[in-house]
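Step one of this worksheet: look at the structure below.
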Amino acid sequence: MKKILLSLIIFLFFVFNFSLHVFAQQYTERNIDQNVEQQLNEKQNNAAIYTNSAYGIVKEINYDYTEKTDNPENISKQIVTVKITTGEFKGKEKLTDNMLTGNPAYEVFLKEGDRVLLALESKSPKPQNINEVDVFITDVKRAGTLYLYSFIFIAFLILIGRKKGLLSLLSIIITVLLIFLIFVPLVLFNISPIFAALIISILSTAATMYLVAGYNSKSHAAVLGTILSLIFASLLSILSIKMAHLTGFMGEESIFLYTQRPDLSFTGILAASMIIAALGALMDVAISISSTINEIHITDKNLTIMELFKSGMNVGRDIIGTMSNTLILVYLGSAMPLVLLSSNIDAGKFFNLNQVAGEILSALVGSISLLACVPLTAIMASYLVKRRKVKEENTKTEETEDDATIS
């Protein structure tokens with residue numbers, strides 16, 4: 001019954017926040033409408049009137065010289081025959097140029113059979129045939145690979161985890177929806193990114209713990225331990241950003257976002273990313289310690305709160321080494337180009353770079369929060385499981401007294 005009520009609350013919550021998402025999106029669009037309209041007016045004389053997108057497949061490739069080669073460094077242009085596979089011009093073929101600049105970050109080297117994303121433009125508002133449309137290749141289609149690996153992940157999760165795996169999948173979906181339907185619109189609505197990150201992290205923690213571990217004392221303890229650790233992580237992130245004078249611009253994505261929304265707090269977004277990045281590891285540590293203390297209590301119900309706490313701390317000491325290592329390796333793996341770049345830059349200058357300092361501080365904030373999560377969860381779990389025992393004993397005593405009175 002409790003799971004049904006929890007599911008209903010979550011469903012109603014998402015309905016409410018979907019409306020919030022729509023409202024925030026409309027607010028954002030109103031804020032940038034004037035700038036967009038001005039840019040469109042400036043380009044109206046030269047811009048295409050008709051614009052659309054579609055998928056396509058590369059049928060044939062020719063080059064701007066006679067000999068074919070698979071070495072993109074020797075090619076400046078590919079002359080591509082592409083067949084459109086979706087939209088109103090489905091089945092039509094079009095010749096287009098794919099320019100190669102020599103910079104692999106901003107170009108796509110195509111091969112026959114590649115599936116691609118297309119941009120369709122025309123000076124006619126309603127083009128009647130493909131000859132009136134200019135076709136441009138914008139990127140390679142990667143959705144198929146994403147679908148394949150998502151299917152493999154889901155299959156393994158359900159096959160190995162069974163019911164728990166299915167509930168874990170549901171908690172993952174809820175977390176993703178929380179980010180896109182609550183965090184994103186709140187930040188775009190100029191709500192504090194740190195506050196928004198804490199809100200969705202708390203909701204994600206509650207949904208994950210109660211769906212996977214059930215509605216019980218160990219879940220309560222894990223939720224409380226995670227929430228307290230998240231608050232600690234938010235304070236650490238704010239302090240680290242101010243002390244290190246970080247700008248919040250950690251890559252090209254931040255710069256692109258700034259061009260669209262210069263009014264956003266980018267230091268706040270950086271702090272929010274630190275909080276959300278640490279969330280998964282915090283939940284893992286919290287539920288591991290809480291479950292262990294609960295099992296110890298079931299085995300020996302005569303143990304005191306302090307004895308349970310010490311047992312939880314012993315387990316936590318074994319966990320934090322591997323979990324902190326995991327968190328550091330995640331950040332190092334995601335920043336591998338920066339790691340390789342360190343060999344060509346003076347060490348002092350390298351560690352002083354805004355992006356490098358930001359990545360290091362993100363890893364350290366997460367690791368320190370993990371360390372804090374151990375005693376916080378251990379004391380919560382020890383207290384709650386013992387309180388449950390006291391309640392059960394009091395209930396049994398009252399029932400016994402009632403039976404004696406009736407007799």
Side-chain angles (χ1 to χ4, degrees), residues 36 39-40 43-155 176 180 250-260 333-341 344 355:
V36 172
Q39 293 174 2
L40 289 175
K43 299 179 180 179
Q44 188 173 10
N45 294 331
N46 297 322
I49 298 174
Y50 170 89
T51 58
N52 207 342
S53 59
Y55 291 118
I57 184 170
V58 176
K59 303 298 292 183
E60 184 180 358
I61 298 178
N62 291 303
Y63 299 83
D64 54 352
Y65 57 92
T66 56
E67 182 182 357
K68 283 192 175 185
T69 177
D70 288 333
N71 184 4
E73 295 180 357
N74 299 328
I75 303 171
S76 61
K77 181 174 71 174
Q78 291 179 306
I79 304 170
V80 182
T81 302
V82 62
K83 182 178 180 180
I84 302 172
T85 57
T86 60
E88 55 188 305
F89 297 105
K90 180 179 179 180
K92 303 296 183 180
E93 294 188 359
K94 185 74 174 181
L95 202 66
T96 185
D97 291 339
N98 180 41
M99 305 304 297
L100 302 175
T101 62
N103 186 344
Y106 299 102
E107 66 181 29
V108 180
F109 184 74
L110 297 171
K111 295 181 181 179
E112 292 181 4
D114 283 347
R115 297 187 177 276
V116 292
L117 301 180
L118 304 173
L120 281 60
E121 296 182 357
S122 176
K123 293 293 182 67
S124 172
K126 293 183 179 181
Q128 300 299 317
N129 58 71
I130 194 62
N131 295 325
E132 299 179 14
V133 177
D134 294 324
V135 176
F136 303 97
I137 297 172
T138 59
D139 210 340
V140 175
K141 182 182 177 182
R142 300 183 178 92
T145 305
L146 297 179
Y147 293 147
L148 173 62
Y149 276 82
S150 298
F151 173 79
I152 294 173
F153 168 71
I154 293 171
V176 173
F180 283 97
M250 301 294 290
E252 291 183 350
E253 298 85 359
S254 301
I255 298 172
F256 292 153
L257 179 60
Y258 179 77
T259 60
Q260 297 294 321
S334 63
M336 191 55 66
L338 283 175
V339 175
L340 296 174
L341 186 63
N344 298 323
Q355 189 171 354

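Counting begins at 1 with the first residue of the sequence.
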Shortest non-hydrogen separation from [X] to [Y] and the atoms involved:
X      : Y      : result
Lys126 : Glu132 : O-OE1, 4.5 Å
Ala54  : Leu120 : CB-CD1, 4.1 Å
Phe136 : Glu121 : CE1-OE1, 3.8 Å
Ile61  : Val58  : CG1-CG1, 3.6 Å
Asn62  : Glu60  : ND2-OE2, 3.5 Å
Arg142 : Asp139 : NH1-OD2, 3.0 Å

request  = Name all pairs fulfilling the side-chain hydrogen bond (donor to acceptor under 3.5 Å, both in side chains) condition that reach into residues 88-98, sequence neighbours left out, sorted by first residue then second.
outcome  = Tyr50-Glu88, Gln78-Asn98
ask   = Under the 3.5 angstrom rule, does the side chain of Gln355 hit a backbone N or O of Met250 as a donor-acceptor pair?
value =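 Flag set: sc Gln355 to bb Met250 pair under 3.5 Å.
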ask   = Do Thr138 side-chain atoms and Leu117 backbone N/O form a donor-acceptor pair below 3.5 Å?
value = yes
Listed partners of Tyr258 passing ring pair (Phe, Tyr, Trp, His ring centres under 6.0 Å), at least two apart = Phe249, Phe266
message = The test is side-chain contact (heavy atoms from CB on, under 4.5 Å); show your working for Ile137 and Val108 and say whether it passes.
response = CA-CA 9 Å; Ile137 297 172; Val108 180; 5.6 Å; no
Supply the atom-to-atom distance [X] [atom1] to [Y] [atom2], rounded to the nearest 0.5 angstrom.
X      : Y      : atom1 : atom2 : answer
Ile154 : Phe151 : CD1   : CZ    : 8.5 Å
Leu146 : Lys141 : CG    : NZ    : 11.0 Å
Ser124 : Asn131 : OG    : CG    : 12.5 Å
Asp134 : Ser122 : CG    : OG    : 7.0 Å

request  = Flag the pair Arg115 / Ile57 as yes when at least one side-chain heavy-atom distance between them is below 4.5 Å, and no otherwise.
outcome  = yes
query = Is there a side-chain contact between Ile130 and Ile84 (heavy atoms, below 4.5 Å)?
reply = yes
